[in-house]
Amino acid sequence: MLDDPTGFLRWLAAARQQGCVCFDDVDVAQVFAIAAVAALARQDGAAPLRLEPAASTGAGRFAHAMGIAEVVRGAEERLPSERDRSVTLTRVRGRGPWESISERIVGLLLPAPRPPAADLFYHVIVELLRNVGQHSNDALGGIVAAQINDGGPYQGAPALQVVVVDNGIGVFEALRHMRPSIATPGEALVRALEPHVSGAFPEGESGSGENAGLGLFVISEMAKETDGRLLLASRGASYFLDRSRSPDSQPVITNGDAPDYPGTLVVFETALGHVGSFDGIMAHIRDLAAQRTPKRITYRWLRFEPAPPGVHRILVGVASEDTAAAAAFAQSVLAPRLVRREPVVLDFGTIRVTTQSFLHALLHEAVRLAWALRVPVHVANASPAVRAQLELVEGYSLGG
Ligand SMILES: Nc1ncnc2c1ncn2[C@@H]1O[C@H](COP(=O)(O)OP(=O)(O)OP(=O)(O)O)[C@@H](O)[C@H]1O
Ligand SMILES: [Mg+2]
């Protein structure tokens with residue numbers, strides 16, 4: 001269980017040494033543990049762990065209900081489905097479809113009327129799946145799963161746990177080329193949680209076309225804001241923040257001195273009742289990030305007051321939640337208009353909630369163009385959370 005990630009990693013290390021995982025001696029295993037095992041047992045992997053079917057224990061039965069046999073076989077890519085308040089293990093390969101899978105998982109566990117926790121978990125899952133696709137180098141991709149726990153220690157405060165896991169190069173390896181000052185895997189995990197630390201662009205900058213170095217920062221702040229838990233175990237190091245028992249507790253970090261995970265294992269868990277307002281959480285994260293972004297802005301060109309009449313209006317919903325579509329749209333429609341010095345209105349009317357990565361793809365270059373050419377980009381109908389995220393993008397895009 002997530003109460004004791006080191007205990008789990010130790011158990012897994014012993015199993016890896018034997019080359020075989022058996023759930024015979026395990027009564028209870030949460031979904032994160034099942035996913036972490038499944039990734040290592042994928043038969044199309046280089047040296048898969050052998051899985052001994054153990055239908056005799058609770059953990060063995062749960063692993064089967066979660067579809068471990070199918071995922072390990074990798075027969076066909078299956079969509080997530082729900083079983084008893086858990087979402088089955090799903091392989092996600094390459095560069096997508098991160099948004100639709102995340103939406104499906106959230107919809108299965110938190111059906112309408114959509115609670116604020118649904119927006120939060122949607123964010124977390126998209127960002128973690130993007131990281132696997134963009135940084136892990138795992139040819140098999142990642143595995144995602146989720147579970148609502150409401151028994152035992154969760155009695156009276158049901159919590160949603162999501163896991164995203166890969167067997168790729170790990171955070172240290174992914175970061176060290178752009179950040180040569182990072183000396184150890186443990187340091188890499190701590191730095192990866194800071195804003196604008198990324199393997200995609202060098203120190204001192206605040207973003208590239210695809211990345212802002214914000215995904216893990218936002219996720220860790222979400223864990224803190226909701227008194228949740230975040231586990232990151234990645235080749236040589238682990239980071240575990242557990243705010244569920246005490247709101248002041250500090251993360252426990254291991255670096256070479258404890259069992260690790262051969263790849264990157266990320267688990268996020270928070271009590272559903274702790275997610276009060278998604279808008280409030282995003283506004284808080286915007287303010288935190290703004291304090292950490294270099295201040296070089298003299299004038300802002302994202303405008304939230306009503307646009308003058310006659311300005312060309314673009315409905316952002318057209319590009320929906322698809323990051324690739326947003327990037328293509330930014331390049332083919334937005335940038336040429338700004339270069340021609342034509343102001344635009346971006347109308348977020350049909351967008352309820354959006355991810356940081358989507359807005360980054362849409363606007364990172366656009367706000368820099370708007371600033372350089374002094375052309376306003378007006379924003380209409382943005383929800384408070386979307387506005388907070390837009391201000392965040394403008395802050396760091398101009399700052400770096
Ligand atoms: N699954 C992973 N495998 C390997 N490295 C990872 C993984 N997830 C994150 N990282 C490393 O941690 C860095 C920080 O991740 P984070 O999500 O915070 O930022 P980003 O992905 O670079 O940018 P953004 O999320 O804003 O698009 C990444 O740039 C990458 O170097
Ligand atoms: Mg990321």
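In what follows, residues are counted from 1 in the order of the sequence shown.
There is a side-chain donor-acceptor pair under 3.5 Å between T323 and E99. No donor-acceptor contact under 3.5 angstrom links the side chains of S86 and D84, judged on distance only. Inspection of the D138 and N167 side chains reveals no N or O donor paired with an N or O acceptor under 3.5 Å.
Other members of the hydrophobic cluster containing Y154, listed by chain and number, are M1, V28; membership follows side-chain contacts under 4.5 Å among ILVMFWY residues, whether direct or relayed.
Using modelled atom types, one side-chain atom of R374 and one backbone atom of W371 make a donor-acceptor pair closer than 3.5 Å. A donor-acceptor pair under 3.5 Å links the side-chain atoms of R91 to the main chain of V71, judged by distance alone. No donor-acceptor pair under 3.5 Å is formed between the side chain of H312 and the backbone N or O of P343. No side-chain donor-acceptor contact under 3.5 Å links E127 to the backbone of I125. At distances below 3.5 Å, not a single donor-acceptor pair connects side-chain atoms of Q389 with backbone N or O atoms of M282. Side-chain atoms of T88 never come within 3.5 Å of backbone atoms of G67 as a donor-acceptor pair (strictly under, hydrogens ignored). Here the side chain of E394 pairs a donor or acceptor atom with the backbone of W301 at under 3.5 angstrom. One N or O on the side chain of H274 and one on the backbone of T226 form a donor-acceptor pair closer than 3.5 Å.
For the pair V87 and V144, the minimum side-chain heavy-atom distance is 4.5 Å or more. When side chains are defined from C-beta on, F32 does not count as touching E269, because their heavy atoms never get closer than 4.5 Å. Side-chain atoms of L193 and L230, non-hydrogen and from C-beta on, do get closer than 4.5 Å to each other. Considering only heavy atoms from C-beta on, V316 stays 4.5 Å or farther from T354 through its side chain. Side-chain contact between F121 and L109: absent, with no pair of heavy atoms (C-beta onward) separated by less than 4.5 Å. Taking the side chain as every heavy atom from C-beta outward, L160 and L110 approach each other to under 4.5 Å. Side-chain contact between M178 and P202: present, with at least one pair of heavy atoms (C-beta onward) separated by less than 4.5 Å.
Tracing side-chain contacts under 4.5 Å through hydrophobic residues (I, L, V, M, F, W, Y), one reaches I105 starting from F278; they form part of the same cluster. Side-chain heavy atoms closer than 4.5 Å link hydrophobic residues (I, L, V, M, F, W, Y) into clusters, and following such links, even through other members, never connects I143 to V162.
The side-chain hydrogen bond (donor to acceptor under 3.5 Å, both in side chains) with S238 is formed by just one residue from the set N255, D260, T254; it is T254. Under the side-chain contact (heavy atoms from CB on, under 4.5 Å) rule, Q30 has a single partner from V163, V267, D3, L2, which is L2.
The number of heavy-atom neighbours closer than 6.0 Å to CD of E342, taken from other residues, nucleotides and ligands shown, is above 12. Atom CD of E305 sits in a crowded spot, with more than 12 heavy atoms from other residues, nucleotides or ligands closer than 6.0 Å.
From L241, atom CG reaches atom CZ of R229 across 10.5 Å, with rounding to the nearest 0.5 Å. Atom-to-atom distance recorded for L216:CG and R191:CZ is 13.5 Å, nearest 0.5 angstrom. The distance from atom CG of L189 to atom CZ of R235, rounded to the nearest 0.5 Å, is 13.0 Å.
Remark: H135 engages no residue in a ring pair (Phe, Tyr, Trp, His ring centres under 6.0 Å) (not counting sequence neighbours).
Remark: aromatic rings of Y396 and H360 are close, center separation under 6.0 Å.
With respect to the salt-bridge test (charged N to carboxylate O, under 4.0 angstrom), the residues E187 and R179 do not qualify. With respect to the salt-bridge test (charged N to carboxylate O, under 4.0 angstrom), the residues K224 and E221 qualify.
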